[in-house]
Each structure stands twice: as structure tokens, then as C-alpha cells.
Amino acid sequence: MCGIVGGVTQRNVLGILVEGLKRLEYRGYDSAGVALVEPTGDLTIRKALGKVSELQKELADKPTRGNLGIAHTRWATHGKPSQANAHPHYSDHIAIVHNGIIENHEPLREQLSADGYEFITETDTEVIAHLLHKVYEQEQNLFSALQKTVAQLEGAYGLAVISSREPERIVAARSGSPLVIGIGIEENFLASDQMALRQVTDRFVYLEEGDMVDLRRETYSIVNRTGETVDRPITKIAEADEVVDKGHYRHFMQKEIFEQARVIGNTLQGRIGQHKVLEQVFGTSAADIFDQVQRVQIIACGTSYHSGLVCKYWLEDWAGIPCDIEVASEYRYRKVVVSPGTLFVTISQSGETADTLAALRLAKELNYLASLTICNVPNSSLARESDLVFMTQAGPEIGVASTKAFTTQLVSLQLLTIVLGRRHQLSAEREAELVEALHSLPSLCEEVLSLDPEVLEMSEHFSEKHHSLFLGRGPQYPVAMEGALKLKEISYIHAESYPAGELKHGPLALVDSDMPIVAVAPNNDLLEKLKSNLEEVQARGGMLFVFADKDAGFKNNGSTKVINLPHVPASLEPIIYTLPLQQLSYHVAVLKGTDVDQPRNLAKSVTVE
Ligand code: G6P
């Protein structure tokens with residue numbers, strides 16, 4: 001999704017901006033651009049459709065330099081991906097980059113056209129550039145002009161602006177889309193994600209909703225939504241927090257799949273004793289809140305939503321606590337009835353997903369007991385705005401298709417289920433069993449991940465296919481959903497998931513030899529039911545690909561390919577069975593030659609609704 005980088009420096013800022021854009025590439029984008037005020041005082045803009053490497057070629061053809069600049073990676077929302085629609089956009093001496101969506105861009109565009117402004121792009125952002133230019137004519141000050149401009153905008157934005165008339169400052173505003181200041185030595189920077197600036201600083205100031213900043217080389221000042229000058233804390237980020245390279249792996253996604261044993265260990269570390277979960281890890285006020293929980297409402301998007309679906313099975317089965325789960329984009333636009341004692345839980349890798357964040361803000365106005373987020377990015381908006389925070393410790397996830405974030409979310413949700421459950425129907429004996437199982441999880445993950453060569457072989461059956469069906473029962477149904485999502489995200493093969501028991505209510509009509517059917521088959525009390533469903537598939541000539549417990553009794557034959565997994569405790573099945581499904585989609589995508597880490601049209605962090 002869109003990314004912003006900016007800097008005001010003594011040295012040439014261009015290289016820092018381009019490096020920043022490269023560090024944001026993982027978020028998904030379709031074009032990139034940069035605007036600089038050159039030493040001559042001229043404003044120059046360079047843009048390119050496609051990757052940052054295309055922008056670098058453009059910059060090599062038409063070099064530029066300067067001490068003040070802003071840069072952007074765009075993920076199209078208004079107007080197709082093109083060089084013209086790429087940011088920065090400009091109006092005479094003003095250049096601007098924007099993350100988010102301006103909802104009232106049409107009336108503003110009409111008004112500005114009537115005023116004589118000419119639009120050369122289809123974007124909502126160009127409207128802001130011209131509006132700012134118009135206001136500047138009165139104000140003659142970039143900061144107050146931006147203040148008066150944003151007052152007229154409806155929607156969500158992270159904005160950074162420069163002007164060749166004021167070459168000493170970047171002005172920026174945050175509302176609904178994150179921005180962070182990076183503090184250097186006699187130079188300052190701005191970005192939508194601190195990751196973009198790790199090469200120049202480890203000190204960051206996170207802007208709050210409604211904040212505006214006047215960023216200069218040696219100083220900066222922040223004004224809040226009511227116009228008061230405010231201090232925001234400086235956060236120092238440790239070096240070890242970030243190791244962003246592929247190592248010996250071909251893709252980030254592959255690396256992240258194989259990291260799962262280790263990062264699951266990190267998520268558990270310090271959170272469980274030998275036989276119990278240490279509930280203080282949910283925060284000092286957690287115990288008081290958890291004592292009052294009667295019900296849980298989970299909200300999330302994408303892969304994070306699937307981990308929430310698994311948690312519903314756990315909360316209701318193990319803890320006896322009713323749980324509702326909904327995708328954020330539905331929840332936030334309907335009337336909800338909140339039962340007393342309901343804990344509001346958001347799940348998010350990035351902590352910045354616009355719909356999930358909006359749902360949290362809405363929930364704060366409703367009668368929830370408290371909010372808790374399960375999140376992977378410290379200092380993200382969800383982490384800062386929730387009452388309780390539980391970090392997943394997956395480390396930076398770069399592949400757009402989420403892998404290690406999902407399994408560490410499942411582990412975290414299991415810990416949450418246990419601490420809530422012990423106040424309800426979960427006995428100390430059961431807790432001890434669950435915790436002992438968790439201790440064995442990292443090594444079980446290693447064992448299952450080592451089946452990679454078998455999964456690779458299986459993937460060859462998929463690369464020429466156009467459709468596929470993923471089946472599971474019980475908590476393995478959301479696992480099948482996640483398996484199908486992975487396959488469609490990165491291999492572009494249409495993949496649908498179904499609870500196996502629903503097969504004969506529709507999808508069975510699709511089954512033929514061209515439609516691979518993937519089944520998740522641990523050896524649990526639903527196995528026999530699942531087997532009958534799979535027989536229905538075979539009877540219709542369908543080809544089965546089964547990830548099964550080694551004792552589940554599946555045999556390889558002409559119409560069934562089986563990968564045997566070790567027997568694992570039922571509480572770990574959703575985590576363990578996810579791993580080979582991730583490997584399957586990875587290998588299919590590699591065989592098909594798609595852009596595994598940055599699949600077309602998708603973004604890592606969806607900061608617009
Ligand atoms: C995007 C990503 C998915 C992710 C979803 C929710 O669609 O491509 O991988 O699951 O957003 O993101 P979150 O950061 O809230 O987990």
C-alpha cells in the first residue's frame with residue numbers, strides 16, 4: 001500500500017529517499033516518484049510506473065539532487081496505475097505526496113476547476129495540491145496553508161508537502177493514515193512507516209491522529225488537532241528489532257515460512273511457565289479486565305480474520321466463552337448490539353489496517369468492557385489505541401501473503417483463550433495439558449516444515465490448474481480458508497474453501513478431474529465424517545490432495561496424494577496443518593513464475609478502506 005518518505009538534510013537527500021522507498025516495497029505498490037527542491041531553487045519531480053528500480057532508471061536518465069525532498073510509492077485507488085497518476089503531485093511551486101483517500105474530492109475538483117485550475121491526473125491527491133496552492137495565495141505560509149487545507153478535506157490522509165518557495169521545511173499532516181518523524185543529527189525525516197528510515201536513524205516520534213508537523217533540518221514542531229503545540233515521546237528502536245533481508249532464501253515468503261518454529265518460540269518465550277500461562281504478559285490492568293469478561297467480539301481482516309475464526313472454536317470449546325467474529329469492513333458499517341462484559345479484540349499483523357482501526361475507534365464509543373489487540377508491530381496505531389496489547393513477536397513480515405504472522409497470532413490467541421478460560425470452565429489440569437503441548441510446538445513445526453520436498457512434488461499437480469477447493473472440518477475449516485487464500489493470493493489460481501460437510505450442498509457439482517481438492521485431515525473425532533465427504537469427491541472422479549495424520553489411514557493411489565504429518569495434540573492442529581498449506585501455495589506460485597513477495601494488486605498493509 002502507499003508509502004511516504006521525506007527528508008530535510010544538509011547532504012543530498014535523494015539516495016535516502018530512494019532507499020526508503022525500497023524498504024517500503026514489501027507493502028505492495030504500482031508506481032513510485034520523488035520531488036526535490038534543487039540547489040537552484042527549482043522544484044523537480046521524477047516518477048515511474050512499476051517498481052522503484054524503474055524510478056531509479058528514470059533518475060539515472062534525468063539526474064536531480066537537493067536537500068529537501070518527498071517520495072512515494074502508490075497503490076492505485078483513484079485512477080489507474082500510470083506514470084501520470086503516480087505521486088508526487090504538484091501545483092506550481094507545491095509538491096505533495098498522500099496516503100489515504102479524499103472522499104469529497106469531486107466537489108473540490110469542480111470548485112477548483114471553476115477557479116481555473118487544470119487537472120492532469122485522475123487522482124484525489126491532485127485536488128489537495130491545487131487546493132493547497134489556492135489557500136497558499138492567501139496565507140503565504142506552507143504550514144498554515146496546510147492547516148486550512150486539511151480543514152476542508154473529508155476522508156483519510158497522511159500528507160507530506162514541500163514548496164520551492166519555502167525550501168527549509170516539510171509540512172505534514174496525519175488523519176487516518178500513519179506518519180512518523182525520524183530524528184537525525186542536524187537532519188530530520190518523515191515516513192509512513194519507520195522501516196523506511198532505519199538506515200538513517202533509530203529515533204522516532206509517532207504522530208497522533210490530527211497532528212501536523214513542521215519539519216526542519218534541526219528542529220521540528222507538532223501541533224495537535226486543536227491547534228496546540230504538543231510534545232510527543234521519542235521512541236528509540238533497537239537495532240536487533242529489524243533484520244530485513246532474505247538470507248539464503250529465494251523469497252521473503254519462503255524465509256518467513258521457515259522462520260515459524262523460531263518465531264513461535266519467541267512468541268511463547270516469557271509468556272508460559274512449565275504448566276501455565278503467565279497472565280501478567282497481557283499487561284498490568286489485564287487481570288481486572290479479564291475477571292469481568294463474559295463474551296468476546298473479534299474483529300480483523302484477511303489472514304488475521306482467519307486466525308480469529310480458529311479462536312472462536314477454542315474460546316467456545318475450551319473456555320465456554322461465547323465468541324463472535326466479523327470482518328472489520330462489515331462490522332464498522334452496521335448497528336451492533338453489545339452484550340455486557342464483552343471484550344473487544346482486534347487481530348492485525350500491521351496494526352494499521354484502516355478498517356480494523358476504524359472498528360476499534362467505533363468500539364470505543366460502544367459499551368465494550370475494554371479493547372485488546374493481538375498485533376505484530378510495536379507502536380502501530382492499533383497497539384497505541386487499544387487498552388491491552390499482546391505482541392505476536394513474529395518479527396518484520398515482508399511477504400505480502402501473511403505466514404508467520406498467522407501462526408504467531410494463533411499461538412497468542414491460544415494464550416488468551418487459556419487466561420480467559422481459567423476464569424470460566426478451563427481447569428488447571430486442562431491448562432497444564434495445553435501449555436505442555438505448546439512447549440512441544442516449535443520442534444513439531446521444524447518436523448513438519450522438513451516435509452517441504454514432498455510438498456514441492458505435490459505442487460506440480462496444481463500449476464496448470466485454474467480452480468481448486470480446500471476442505472476442512474471444525475477448527476480446520478478456517479485453516480482450509482487460509483490455505484485457499486494463500487493459493488489465490490500468490491498463484492492467482494481460483495481457490496475456494498468449504499466446510500467439508502457442506503460439499504454436497506453445492507460445490508460437489510464442480511468436482512471433476514480438473515479440480516484439485518485439498519483436504520486437511522488430522523486424526524481427531526471429525527476424521528470419519530471427513531473421510532465420508534472425501535469419498536463423495538472420489539466417487540465423482542475428483543483428485544484428492546490430503547494433509548493427514550500419519551495414522552489417519554489415507555493411502556496414496558491414482559486419485560489420492562497424501563502427505564503424512566506427525567500426530568499432534570488436537571490443540572496444535574490448526575497451527576501445524578497451516579504450514580504445509582503455506583508451502584504448497586509458495587511452490588505453486590514459484591512454478592507459475594508469479595511475483596511471490598509482491599503479488600499483483602495486493603498490498604501488505606491496507607491503510608485505506
Ligand atoms: C492485507 C494483507 C494480508 C493481511 C490483511 C490484514 O490484505 O495482504 O496479508 O492479512 O491485509 O492485515 P493486518 O495487518 O491487519 O493483519
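Heavy-atom basis, side chains included; hydrogens, waters and symmetry copies ignored. When a ligand or atom number is given, it counts from 1 through the structure's own listing order.
Looking at Glu54 and Lys51, no side-chain N of the basic residue comes within less than 4.0 Å of a carboxylate O on the acidic one, giving no salt bridge.
Each of the following atoms of ligand 1 lies closer than 4.0 Å to a heavy atom of Ser304: 10 (O), 13 (P), 16 (O). Numbered from 1 in the order shown, with element, the atoms of ligand 1 that lie under 4.0 Å from a heavy atom of Thr303 read 10 (O). Heavy-atom proximity to Ser402, at under 4.0 Å, picks out these atoms of ligand 1: 9 (O).
In terms of protein heavy atoms, atom 12 (O) of ligand 1 is closest to Thr353 OG1, 3.3 Å. At the top of the distance list for atom 6 (C) of ligand 1, counting protein heavy atoms only, stands Cys301 O, 3.4 Å.
Where the criterion is an N or O separation shorter than 3.5 Å, residue side chain and backbone included, Ser348 meets it with respect to ligand 1. Some N or O of Val400 is nearer than 3.5 Å to an N or O of ligand 1, by distance alone. For a threshold of 3.5 Å applied to N or O pairs, the pair formed by Ala603 and ligand 1 contains at least one separation below that value. Among the atoms of Gln409, none of the N or O lies under 3.5 angstrom from an N or O of ligand 1.
Counted by atom type alone, Glu397 and Ser402 present one or more donor-acceptor pairs between their side chains at under 3.5 Å. No side-chain N or O of Glu352 forms a donor-acceptor pair with one of Ser380 less than 3.5 Å apart.
The aromatic ring centroids of Tyr331 and Phe344 lie less than 6.0 Å from each other.
Side-chain atoms of Glu256 come within 3.5 Å of backbone N or O of Ile398 as a donor-acceptor pair. At least one donor-acceptor pair closer than 3.5 Å links the side chain of Asp387 to the backbone N or O of Ser371. Looking only at distances, no side-chain donor or acceptor of Asn85 sits under 3.5 Å from a matching main-chain atom of Ser82.
Using a 30° and 60° split on the angle between ring planes, Trp314 and Trp318 fall in the parallel class, below 30°.
The shell of residues lying under 4.0 angstrom from ligand 1, judged by heavy atoms, excludes Leu602.
In Lys604, the part holding a heavy atom less than 4.0 Å from any atom of ligand 1 is the backbone.
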